[in-house]
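Protein chains get the first letters and strands the later ones, always in sequence-line order, with residue 1 at the start of each. Because the structure is predicted, anything quoted here is derived from the model rather than measured.
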Amino acid sequence: VRSVQKRSTDTGKVEVHSVTVDCTVTSRFAHTVMTSVALNRANTSQEIFFDVELPKTAFITNFSMEIEGQVYVGEVKEKEKAKQQYEKAVSSGQTAGLVKASGRKMEKFSVSVNVAASSNVTFILTYEELLQRKMGKYEILTRVKPKEPVQEFKIVADIYEPQGIAFVDAHATFLSNDLLPLVEKTVTDKKAHISFSPTLEQQRKCPGCDGTLIDGDFLINYDVNRAQSLGDIQVVNGYFVHFFAPPDLPRVPKNVVFVIDKSGSMGGRKIAQTREALLAILNDIHEEDHFGFVEFDDKIVPWKESLSKATTENVAEAIAYVKRIVDVGGTDINAAVLKGVDMLIKDKQANRLPERSVDMIILLTDGMPNSGESHLPKIQENVRSAIGGNMSLYCLGFGNNVDYAFLDVMSKQNNGVARRIYEASDAALQLQGFYDEVASPLLSEVDLRYPDNTVEFVTTNHFSQLFNGSEIVVAGRLADNDLDNFLVEVYGQGPEEDFQVQGQASAINWNVVYPDEEYIFGDFTERLWAYLTIQQLLEKSKTGSSDEKGNATAKALDMSLRYSFVTPLTSMVVIKPETEDSTEAPLIANKLTEEQRQQAERVSYRYHSPQQRTHYQATPTYFVDGD
Amino acid sequence: PHFMIELPDRNDSLCFNINDKPGTIFTLVRDTETGILVNGQIIGDKKIPPNGRINTYFWRFGIIHQALGVRLEVSTRDISVFQDSNRAKLLWSDSASLKAPNVDLVVSKDRSLTVTLKDSVKFVILLHKVWKKHPYHQDYLGFYTLDTHLLSPSVHGLLGQFYHGIDYEVTDLRPGEVLEKPDATMFVKGHQLNVTRGWQRDFRRDVKNGENIPCWFIHNNGTGLIDGDERDYIVSGLF
């Protein structure tokens with residue numbers, strides 16, 4: 001929470017009474033309410049800002065303001081309809097509430113409102129997200145940046161996990177030795193409570209100073225117990241959710257081809273970071289895995305025509321090879337990826353790779369194909385047809401100018417995902433981090449099956465892989481509301497044999513599991529299902545056929561409106577109170593797509609403060625002159 | 001005039017020439033959001049040189065910062081500053097500095113003018129003085145933008161469009177017409193261009209001889225590199 005702040009420091013005073021972040025997680029579904037109360041102590045009205053950051057994976061579900069006892073509540077509308085109000089506001093010079101990109105994990109929500117002299121304003125922002133399990137843990141990230149010490153500052157998180165909590169860690173980037181003991185953590189079998197509430201004095205950088213120590217990320221990580229190989233199925237209020245991440249599965253060997261763009265535009269940091277990350281990956285590669293490299297510019301040059309087993313000798317040879325990769329030339333993504341696919345197919349056919357193993361291609365590029373086939377839909381079509389659903393394609397896109405949408409669609413069409421690699425100092429770590437997530441497949445071709453006649457509107461239930469440290473989540477609605485038992489089966493391919501389990505799911509009696517909690521937050525399983533369904537529909541609206549795209553978009557819009565989620569298809573409109581002589585202007589909260597975020601970041605580069613600019617050693621010069 | 005886009009991050013530069021009839025006025029920078037406009041007018045040589053090539057140069061720039069209410073007219077003859085209803089005139093023959101609320105000017109005698117517009121942009125205009133009795137050439141100006149980071153994302157113009165940075169790739173290096181200037185293929189803004197490795201001069205340090213900066217030269221008035229073509233940047237007046 002960047003909390004409330006004044007537009008100008010020379011005019012009146014804004015006193016921030018409180019900043020509270022209240023997060024409730026129930027079965028991975030997090031519901032966070034950020035509240036900030038401020039008083040305009042000046043003797044004239046002035047504009048007060050509410051500036052917060054929320055996770056990219058979250059959907060805003062509500063925003064309201066209370067000014068002089070009057071509450072202004074947000075309403076989710078179809079984006080196009082909201083846009084008309086938004087454009088009216090912008091054209092009349094009003095500040096509209098905006099969601100902007102803010103780094104890798106967060107996006108920024110910012111609004112301002114005119115507050116009369118000696119009046120209070122309360123801002124309340126609510127958002128929800130399904131926490132994703134990565135590397136064996138869930139993460140609740142709260143970014144806090146109040147400008148000054150705040151009378152009441154509080155971060156509270158309550159985690160309810162009926163499976164039982166395996167561990168909880170809470171830490172913050174700003175924690176000093178003095179602040180550390182203020183993080184309170186209470187963990188019982190199925191419940192955790194974390195709070196952090198420093199006093200005004202404890203927030204100060206030094207006694208009597210204005211500055212605050214509270215500036216950074218507050219992180220809570222936890223995991224749940226996993227005893228059942230079937231996973232955990234929870235049935236609540238007519239909806240079910242199935243969390244599948246069985247313990248103690250051996251990893252499946254993988255065959256990975258790294259397709260590396262070494263064209264001229266990868267020059268400088270990008271290629272250096274690529275080398276650095278590949279070296280780190282090679283040092284960690286499992287000995288039973290096979291790997292290969294295809295480096296490309298306008299020419300396609302495989303390291304070797306076949307994949308190599310990750311023996312010590314081969315890895316040493318690969319390390320020497322990676323160190324020699326230099327940037328030059330154009331970009332032929334099409335031929336390079338097809339070469340990688342071809343290598344995997346040929347090696348599989350020639351029995352050079354283990355029969356039960358997972359095939360994947362990791363493409364590292366900054367995009368912009370300009371050699372060979374350069375028509376993007378044609379490349380996607382070629383790659384999809386070559387892969388034929390038999391392997392996964394992961395795309396790592398470097399830099400702000402990469403055509404992310406192209407990579408995103410291409411990966412999703414081939415059972416993979418795309419990830420942007422931000423060119424910050426830790427780009428190599430981002431690459432490694434991504435690789436670590438996919439480094440250990442446990443199962444392939446995972447199918448989660450439920451009786452057809454008892455469930456409906458089930459989210460995606462087939463997954464090409466399950467990776468160690470991750471989790472598969474499927475949710476759906478029960479056709480019969482009274483049903484509290486149903487048969488669940490899971491199939492998958494393991495390294496030695498097929499994985500096959502079945503069991504009975506039963507409804508949880510929350511009053512028994514949490515007898516002291518009167519209210520957690522109502523219909524969370526239904527909202528979890530809606531969140532997951534919307535996410536998957538939004539993906540389908542990008543990758544499906546044109547008919548599928550239209551249907552998926554319409555359904556996603558309908559559900560976003562029904563469940564009051566601010567998604568890329570909807571906006572939240574709050575009618576903003578204005579001064580007596582001006583008309584009402586709406587505030588709008590939008591959700592950015594990854595492409596829009598990228599666009600915003602290209603722009604925001606231009607708004608670095610002068611201090612930040614001094615970090616750049618060389619400044620570009622643009623000039624015109626004569627000889 | 002030759003345009004140069006220096007890209008220190010890539011340790012590389014792009015360059016191109018824009019020529020048209022003497023008297024033509026081009027928009028170099030236009031930022032509608034911040035209200036900044038830089039136009040420049042070209043002149044030709046006094047008469048057609050023996051080689052028959054008409055060279056053109058900038059001799060006059062008009063600069064406006066609408067929000068700050070500042071207008072500057074800089075020519076090879078003198079420098080005029082208008083702010084609100086005030087006007088000041090500076091001569092190239094004097095070293096002078098002027099500090100107004102929204103604009104700082106520093107004139108280095110017969111050499112350069114540094115302009116800083118408050119919270120927006122900083123640039124230098126160089127004066128190239130040519131021997132008065134030179135049979136062909138006459139005085140001309142160079143325009144160097146030094147700090148553009150506060151301009152808006154919508155900034156455009158012959159120079160302004162590059163303030164966002166530019167993505168390009170060069171491949172297929174091959175011998176060119178001149179031995180020391182190889183040709184190559186450049187992929188930029190969706191175009192495939194034939195470019196030549198050459199150099200152009202940066203006169204900031206040495207206004208007389210300049211300093212050679214290697215660059216990829218884009219032929220035909222920067223066609224393919226600039227958005228549209230050079231005629232799209234022609235305007236009828238300096239302001």
**Student:** Given a strict heavy-atom distance threshold of 4.5 Å, which part of B/Phe58 is in contact with chain A: side chain, backbone, both, or neither?
**Tutor:**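 Just the side chain, heavy atoms under 4.5 Å.
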**Student:** What I want to check is whether the side chains of B/Arg231 and B/Asn221 have a donor and an acceptor closer together than 3.5 Å.
**Tutor:**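 No pair is found: no donor N or O on one side chain lies under 3.5 Å from an acceptor on the other.
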**Student:** Side chain, backbone, both or neither: which part of A/Ser374 has a heavy atom under 4.5 Å from chain B?
**Tutor:**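 A/Ser374 has no heavy atom closer than 4.5 Å to chain B.
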**Student:** Would you mind checking if B/Arg201 and B/Glu211 are paired as a salt bridge, meaning a charged N to carboxylate O distance below 4.0 Å?
**Tutor:**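 No.
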**Student:** Checking heavy atoms, do the side chain of A/Asn370, its backbone, both or neither come under 4.5 Å from chain B?
**Tutor:**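 For A/Asn370, heavy atoms of backbone and side chain both lie under 4.5 Å from chain B.
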**Student:** Indicate whether any N or O donor in one side chain lies under 3.5 Å from an N or O acceptor in the other, for B/His2 and B/Asn17.
**Tutor:**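 Distance-only check fails for B/His2 and B/Asn17.
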**Student:** Quick one: which of B/Leu14, B/Asp202, B/Leu141 has the most heavy-atom pairs under 4.5 Å with chain A, could you say?
**Tutor:**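 Among B/Leu14, B/Asp202, B/Leu141, the one with the most close pairs to chain A is B/Asp202.
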**Student:** Centres of the B/Phe123 and B/Tyr144 rings: under 6.0 Å?
**Tutor:**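 Judged by ring-centre distance (under 6.0 Å), B/Phe123 and B/Tyr144 do not meet the cut-off.
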**Student:** Checking side chain to side chain donor-acceptor pair (under 3.5 Å) for the pair B/Ser13/B/Glu6: CA distance, chi angles, key distance, verdict?
**Tutor:** CA-CA 4 Å; B/Ser13 295; B/Glu6 285 186 5; 5.0 Å; no
**Student:** Relative to chain A, which of B/Ile5, B/Leu159, B/Val170, B/Leu173 shows the most heavy atom pairs under 4.5 Å?
**Tutor:** B/Leu159
**Student:** With only heavy atoms counted, which part of B/Ile18 is less than 4.5 Å from chain A, the side chain, the backbone, both or neither?
**Tutor:** neither
**Student:** Indicate whether the side chain of B/Trp216 and that of B/Asp12 have a donor and an acceptor atom separated by less than 3.5 Å.
**Tutor:** yes
**Student:** Using non-hydrogen atoms and a 4.5 Å limit, figure out which bit of B/Leu126 sits close to chain A: side chain, backbone, both or neither.
**Tutor:**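 Interface part for B/Leu126: side chain.
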**Student:** Can you tell me which of B/Tyr168, B/Phe187, B/Phe3 forms the most heavy-atom pairs within a distance under 4.5 Å of chain A?
**Tutor:**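 Max contact count across the listed options: B/Phe187.
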**Student:** Using a distance-only test with no angle check, is there a side-chain donor-acceptor pair under 3.5 angstrom linking B/Gln192 and B/Thr185?
**Tutor:**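 Checked: B/Gln192/B/Thr185 side chains show no N/O donor-acceptor pair below 3.5 Å.
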**Student:** Is B/Asn55 in contact with chain A via its backbone, its side chain, both, or neither, using a 4.5 Å heavy-atom distance?
**Tutor:**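 Answer is neither: B/Asn55 stays 4.5 Å or more from chain A.
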